[in-house]
Enquirer: 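Here it is, the structure, as structure tokens.
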Amino acid sequence: MRRYNPKELEPKWQKKWEEQQLYAAYENPDKPKRYVLEYFPYPSGSAMHVGHVRNYTIGDAIARFYRMRGHNVLHPMGWDAFGLPAENYAIKNNISPHQAIEENTTRFKHQLTQMGFSYDWDREINSSDPTYYKWTQWMFLLLFKKGLAYQKESLQWWCETDKTVLANEQVEAGKCWRCGNEVTKKSLNQWFFKITDYADRLIDDLEGLDWSESIKSMQRNWIGRSHGAEISFPVQDSDEVIDVFTTRPDTLFGATFMVLAPEHPLVKKLTTRDQKSNVDAYIKQAQAKSDVERQDTDREKTGVFTGAFAINPINDEPIPIWIADYVVYGYGTGAIMAVPGHDERDFAFAKKFDIPVRFVIEPTYGEKQGDETFKKSVFVVVRNPKDNTVIVLDWGPRQERHGGNMLIGGGVEDSEDYVTAAKREIAEETGYTNFKLVKESEFLGHGYFYSNTKHKNMQVSGRGLLFDLVDDTRGDTALDEGEKEKFKVTWQPIDKVASELDDGIHEAMYRYLVLDEPYTGEGVMVNSGEYDGKSSEQAREQIVSGLEKKKIAKSKLQYKIRDWLISRQRYWGAPIPIIHCGSCGPVPVPEDQLPVKLPEVETYQPTGDGKSPLARVSSFLKTDCPGCDGPAERETDTMDGFACSSWYFLRFADPHNDDQPFDPSMAKFWLPVDDYIGGAEHAVMHLLYARMWTKVLYDEGYISFDEPFKALRNQGMILAPDGRKMSKSWDNVIAPDDLIDKGYGADSIRLMELFIGPWDQSASWSIEGLGGVYRFLQRTWTLTQEYLASKKSDEEVHAAAETKESLQRLLHKTIHKVSEDLQNMSFNTAIAAMMEYVNQLYKLKAAQSGFVPTDAWQETLSTLAKLLAPFAPHIAEELWQELGNEASIHLEAWPSYDPKLLVEDTVTIVVQVNGKVRANIDASADANKQDIIEQAKTHERVQAHLEGKEPKKTVVVPGRLVNFVI
RNA sequence: GGCGCGGUGGUGGAAUUGGUAGACACGCUAGUCUUAGGAACUAGUGCCGCAAGGUGUGAGAGUUCGAGUCUCUCCCGCGCCACCA
């Protein structure tokens with residue numbers, strides 16, 4: 001009998017498939033199309049490990065499944081060869097990028113081939129090839145002509161290690177996405193793509209996409225749209241105006257100062273003579289801080305007064321203008337109106353610099369019912385400074401409009417002031433008598449609730465007061481017997497209380513009195529002139545529309561996303577197709593002169609002087625202006641590698657086109673991508689850029705869809721067996737090549753990648769687990785070989801109808817399960833189902849001591865091979881052909897199942913007594929309820945638990961269970 | 001702090017509309033066979049218990065004949081964002 005030897009049979013089939021062009025994609029309109037795409041790799045590392053391989057295994061299983069189901073599948077592969085990853089690899093290994101790409105793509109392609117992935121290699125693309133980047137440059141010119149590419153001198157992220165500027169998206173927590181070193185800022189003249197023009201569409205169109213919620217939210221987060229208003233504050237005794245952006249125009253009356261970012265251009269103009277030295281010193285100090293330092297939220301607020309004042313346009317009040325580094329220049333207008341009463345940062349700043357705080361919104365909580373009885377009230381916190389605890393009244397479980405954890409509270413009598421009332425309430429409700437007033441809230445709180453003691457709807461409005469316990473002298477409470485039981489007096493640690501309080505007013509008061517936090521929520525307007533009494537939501541609209549008429553304010557959407565900076569001061573990228581002419585300015589390279597080829601150079605190392613190495617190549621640099629024929633210079637920066645990957649999925653539809661980036665009819669045929677598979681690391685880089693370019697092409701009429709990737713599948717990471725990320729520095733990298741060498745074979749690796757757990761969850765690689773799936777393949781192999789051996793012995797076989805039927809039932813059940821699971825991408829359970837199936841086949845074989853009848857076994861084993869084909873294509877093909885088939889299994893139709901064979905004649909019914917399983921009985925599938933109940937009752941274990949009693953109630957779920965309730 | 005995703009044996013993980021919790025695999029235990037090898041095969045394996053039985057899906061409550069699954073409260077872990085006005 002032949003031994004299972006993947007080392008021999010896998011390369012054999014890989015070669016045959018290649019010769020037969022088995023996986024070539026054709027535009028056949030008779031079949032439904034399916035475009036399955038995995039992120040194309042940077043050929044940057046020395047090799048791929050089993051973590052990378054998972055991505056392609058998932059894609060290949062999907063591609064093969066749909067191919068067998070009669071779809072016209074496009075499953076291409078290429079190389080993201082331009083850009084930092086590839087060039088840094090070359091620098092590190094001291095070779096030219098050309099050579100690095102050549103070597104790495106060869107190695108990667110070999111790795112992919114030996115894994116047996118079904119790519120149409122005829123469509124292979126390489127983004128560093130002139131036939132490709134010609135069209136990347138064409139795309140640049142398209143953006144340029146649309147006014148979506150522009151040049152600007154500005155301060156940008158600069159990576160000193162990689163010696164280039166970076167886009168915002170490419171800086172993660174102040175570190176370069178490639179080398180992980182801290183970035184600095186540098187001012188250079190740079191090219192940008194105007195992605196901000198697409199911000200709204202990039203957010204809104206997420207809605208209809210089949211993407212994970214987490215990626216969508218990352219993109220929304222990144223684009224950072226917030227709704228608010230821009231308001232102009234005139235500067236006192238000056239013609240200057242300070243514009244601010246705020247999401248809370250309703251707090252305008254509470255603005256008691258303004259803050260400009262230290263970099264704000266108005267700072268120099270506004271600063272008065274006597275403040276100049278302070279301001280200059282502060283600016284200098286702010287500049288010295290790294291951006292990472294500046295973003296540290298826990299830092300204490302710093303800032304200085306400019307000496308100037310602005311006029312609050314809503315009430316003409318002069319308010320001081322400060323500068324502080326908690327205001328960032330890049331967002332909004334780089335200036336804010338500061339409302340310390342209703343913003344935590346402004347509050348902290350105001351406290352530190354003794355700036356007045358004005359409260360203009362009072363918290364409200366609860367629904368107003370309309371029939372409330374009004375009561376002037378107090379909300380009282382009693383603190384024990386000795387152990388930092390406070391009194392919380394526990395009114396029992398929180399019900400709809402009463403109960404829960406509360407502060408001390410109560411009504412204020414006509415003869416009392418707030419303090420007197422509060423003292424009385426403390427004594428009455430808790431018995432404590434010796435305490436002193438510490439703080440009283442300047443604002444009121446308004447609560448609407450149902451009083452459980454008075455049995456009616458109440459409105460309470462009043463102040464919050466904080467008392468410190470002097471000693472724990474405690475007299476009797478003044479409660480009726482009935483009242484006493486309604487709540488308990490408890491002492492709780494100070495820092496735990498706020499979120500436990502069940503009433504919004506109590507919480508707001510507590511936060512202000514004890515935690516020193518301002519009120520940032522919604523509420524009712526006060527100290528706001530004509531807006532007093534309105535809700536803050538209402539006032540927000542009305543204040544803006546009122547000022548809008550006077551042209552002082554306008555409602556505005558503000559975004560965090562910045563334009564995409566695409567210039568790179570590096571050699572290894574697509575040259576930006578622009579010529580700078582002294583008289584014509586920046587002129588696009590005429591389309592017929594594309595590509596602007598990357599010149600061969602002796603040294604390509606980045607210079608670090610803010611210019612790309614191309615600036616040293618005079619033959620490249622010097623050219624004639626296409627406009628006026630005068631002497632001119634080429635742009636020497638290259639494009640961000642992410643530009644190349646922003647349209648590659650389109651090129652796969654028509655990879656050899658010399659006249660266009662792609663034929664629109666081809667794009668129309670294949671796109672959008674149906675299944676896009678890759679890691680989550682591109683959430684806000686590639687995926688955002690590619691969506692933008694797609695929208696540009698859509699707007700220009702080149703394509704008929706405006707989202708490139710219908711479904712996005714982010715596979716989970718494969719970790720090393722030690723649970724850490726695979727990395728050379730940890731020395732825990734597992735390469736598929738080694739496993740293949742050891743004899744496991746690509747099929748086992750592929751199976752393991754999927755069986756290890758749900759495809760979208762990360763998992764640690766397990767060599768023992770790999771042994772498990774290998775054993776499964778071997779068992780499948782041996783079963784088939786034994787069958788073939790018995791067939792050849794030419795014995796007379798007796799077709800036992802009963803066995804045939806059980807084989808068929810088992811088979812159709814398995815087809816059903818594997819098909820459903822594949823459809824739902826439940827690869828791990830699909831594989832489990834096949835394992836179970838093979839285990840059962842072994843048992844059946846043993847039970848009948850051999851393979852009878854032959855024809856049913858032939859069908860069983862051939863179909864098993866088909867089910868295995870998307871996962872383990874080599875062994876599936878080998879067994880298929882050994883079973884006597886000529887054509888490739890991968891051209892076969894996916895097996896279908898007969899629903900009739902899924903229905904069992906007899907079913908196992910669970911018998912429960914009081915919900916606990918007591919017995920299993922077998923009953924025919926169509927038995928009626930009464931029969932089943934009778935049958936269940938007679939079971940001895942059931943009888944023991946029924947104890948001779950008649951069930952109070954009997955629940956029957958047909959075909960599943962009987963439950964007797966006694 | 002905000003948003004998103006999770007929590008099931010020794011381990012990775014299974015469980016249609018609520019209906020036998022732990023499929024499948026790893027590991028472990030015992031056995032069979034063997035050129036005694038980290039092979040193959042057979043049986044067992046949530047926990048407590050000799051057993052009958054009890055108990056069990058992060059914790060607590062609720063709905064239900066019945067809850068891993070639904071509702072509420074809380075705890076823990078991971079990811080992303082965060083002085084963004």
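Note on naming: letters A, B, ... go to the chains in the order of the sequence lines (proteins, then strands), and numbering restarts at 1 for each one.
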Enquirer: Return the nearest nucleotide to the side chain of Met218(A); candidates are A85(B), C80(B), U20(B).
Expert: C80(B)
Enquirer: Under 4.0 Å, heavy atoms only, any strand: does Asp346(A) hit a base, just the sugar-phosphate, or nothing?
Expert: nothing
Enquirer: Return whichever of Val965(A) or Arg918(A) has its heavy-atom-nearest nucleotide of RNA chain B closer to the 5' end.
Expert: Arg918(A)
Enquirer: Could you identify the nucleotide paired to G27(B), looking across every strand shown and requiring Watson-Crick or G-U wobble geometry with both distances under 3.5 Å?
Expert: U45(B)
Enquirer: Of all the choices, U20(B), G19(B), C26(B), which nucleotide is nearest to the side chain of Val957(A) once you look at every atom?
Expert: G19(B)
Enquirer: According to the Watson-Crick and G-U wobble definitions, with both distances under 3.5 Å, which nucleotide is paired to C83(B)?
Expert: none
Enquirer: Should G38(B) form a Watson-Crick or G-U wobble pair with both distances under 3.5 Å, which nucleotide is its partner?
Expert: none
Enquirer: What's the gap between C3(B) and G9(B) when it is taken at their P atoms, as a whole Å value?
Expert: 29 Å
Enquirer: By the definition ring-ring contact (aromatic ring centres under 6.0 Å, His included), identify the one residue from Tyr512(A), Tyr519(A), Phe253(A) that meets it with Phe359(A).
Expert: Tyr512(A)
Enquirer: Take atom P in A43(B) and the same atom in C26(B), then report the distance between them in whole Å.
Expert: 14 Å
Enquirer: Report the base-pairing partner of U73(B) (Watson-Crick or G-U wobble, both distances below 3.5 angstrom), or none.
Expert: A59(B)
Enquirer: For Met835(A) and for Phe964(A), find the nucleotide of RNA chain B with the closest heavy atom, then tell me which residue's nucleotide is more 5'.
Expert: Met835(A)
Enquirer: To the side chain of Lys953(A), which of C65(B), C83(B), U20(B) is closest?
Expert: C65(B)
Enquirer: Gln912(A) CD to G19(B) C1': how many Å, rounded?
Expert: 7 Å
Enquirer: Within the 4.0 Å heavy-atom criterion, would you say Val955(A) contacts the bases, only the backbone, or no part of the nucleic acid?
Expert: base
Enquirer: Side chain of Asn828(A): nearest nucleotide among A14(B), A23(B), C41(B)?
Expert: A14(B)
Enquirer: Taking all non-hydrogen atoms of both residues, which atom of Arg750(A) and which atom of Pro870(A) are closest, and how far apart?
Expert: NH2-O, 3.1 Å
Enquirer: Let me know the distance between CZ of Arg540(A) and P of A85(B), rounded to the nearest Å.
Expert: 12 Å
Enquirer: Can you see whether Trp157(A) has Lys185(A) sitting over its ring - NZ or CZ less than 6.0 Å from the centre and within 45° of the normal?
Expert: yes
Enquirer: Without decimals, in angstroms, what is the distance between Ile223(A) CD1 and C3(B) P?
Expert: 19 Å
Enquirer: Grab the CD-C1' distance between Glu681(A) and G79(B) for me, whole Å please.
Expert: 13 Å
Enquirer: Under 4.0 Å, heavy atoms only, any strand: does Ser226(A) hit a base, just the sugar-phosphate, or nothing?
Expert: sugar-phosphate
Enquirer: Of the options A21(B), G4(B), G27(B), whose atoms approach the side-chain atoms of Glu768(A) most closely?
Expert: G27(B)
Enquirer: Do the side chain of Asn732(A) and the main chain of Ala720(A) share a donor and acceptor less than 3.5 angstrom apart?
Expert: no
Enquirer: Which of the following nucleotides, A85(B), C65(B), C83(B), is nearest to the side chain of Tyr326(A)?
Expert: C83(B)
Enquirer: Are Leu252(A) and Ile231(A) packed together at the side-chain level, in the sense that at least one heavy-atom pair is separated by less than 4.5 angstrom?
Expert: yes
Enquirer: Specify whether Tyr4(A) and Trp781(A) have parallel, tilted or perpendicular ring planes, treating 30° as the upper limit for parallel and 60° as the lower limit for perpendicular.
Expert: tilted
Enquirer: Output the single nucleotide from A15(B), A25(B), C65(B) whose closest atom is nearest the side chain of Phe755(A).
Expert: A25(B)
Enquirer: Rounded to whole Å, how long is the line connecting atom NZ of Lys813(A) with atom P of A23(B)?
Expert: 16 Å
Enquirer: What is the glycosidic conformation of G9(B): syn, defined as within 90° of 0, or anti?
Expert: syn
Enquirer: Is there a donor N/O on one and an acceptor N/O on the other, under 3.5 Å, for the side chain of Asn221(A) and the base of C81(B)?
Expert: no
Enquirer: Could you check which nucleotide pairs with A51(B) in any of the strands shown, counting Watson-Crick or G-U wobble with both distances under 3.5 Å?
Expert: none
Enquirer: Counting only side-chain heavy atoms from C-beta out, which of C83(B), G79(B), G13(B) sits nearest to Pro758(A)?
Expert: G13(B)
Enquirer: Looking at Tyr842(A), does the NZ or CZ of Arg779(A) lie under 6.0 angstrom from its six-membered ring centre and within 45 degrees of the ring axis?
Expert: yes
Enquirer: When you compare U29(B) with G77(B), how far apart are their P atoms, in angstrom units rounded to a whole number?
Expert: 34 Å
Enquirer: P atom, G46(B) versus G22(B): distance in rounded Å?
Expert: 9 Å
Enquirer: Looking at Lys813(A) and Glu836(A), does any basic side-chain N land under 4.0 Å from a carboxylate oxygen?
Expert: no
Enquirer: Nearest-Å distance, CD (Gln219(A)) to P (C80(B))?
Expert: 15 Å
Enquirer: Which part of the nucleic acid, if any, lies within contact of Ser214(A), taking any heavy atom under 4.0 Å across all strands shown: a base, the sugar-phosphate backbone alone, or nothing?
Expert: sugar-phosphate
Enquirer: If you look at every strand shown and take non-hydrogen atoms under 4.0 Å, does Gly772(A) touch a base, only sugar-phosphate, or nothing?
Expert: sugar-phosphate
Enquirer: Categorize Arg779(A) for me: base, sugar-phosphate, or nothing, with a 4.0 angstrom heavy-atom threshold over every strand shown.
Expert: sugar-phosphate
Enquirer: Regarding Arg775(A), tell me which of base, sugar-phosphate or nothing describes its non-hydrogen contacts under 4.0 Å with the strands shown.
Expert: sugar-phosphate
Enquirer: Look at the side chain of Glu836(A) and decide which nucleotide, out of C24(B), A21(B), G79(B), has an atom nearest to it.
Expert: C24(B)
Enquirer: A23(B) P sits how many Å from Glu820(A) CD, rounded?
Expert: 22 Å
Enquirer: Could you state the atom-to-atom distance from CG of Leu961(A) to P of U64(B) in whole Å?
Expert: 18 Å
Enquirer: Anything under 30° is parallel, anything over 60° is perpendicular, the rest tilted; go ahead and classify Phe349(A) against Phe257(A).
Expert: parallel
Enquirer: Partner of C65(B) by Watson-Crick or G-U wobble geometry, both contacts under 3.5 Å, or none?
Expert: G19(B)
Enquirer: By nearest atom, which of the nucleotides A25(B), A15(B), C81(B) is closest to the Thr829(A) side chain?
Expert: A15(B)
Enquirer: For U64(B), does either OP1 or OP2 sit under 4.0 Å from a side-chain N or O belonging to Asn963(A)?
Expert: no
Enquirer: Mind checking the C1' distance from G7(B) to G56(B)? Whole angstroms is fine.
Expert: 16 Å
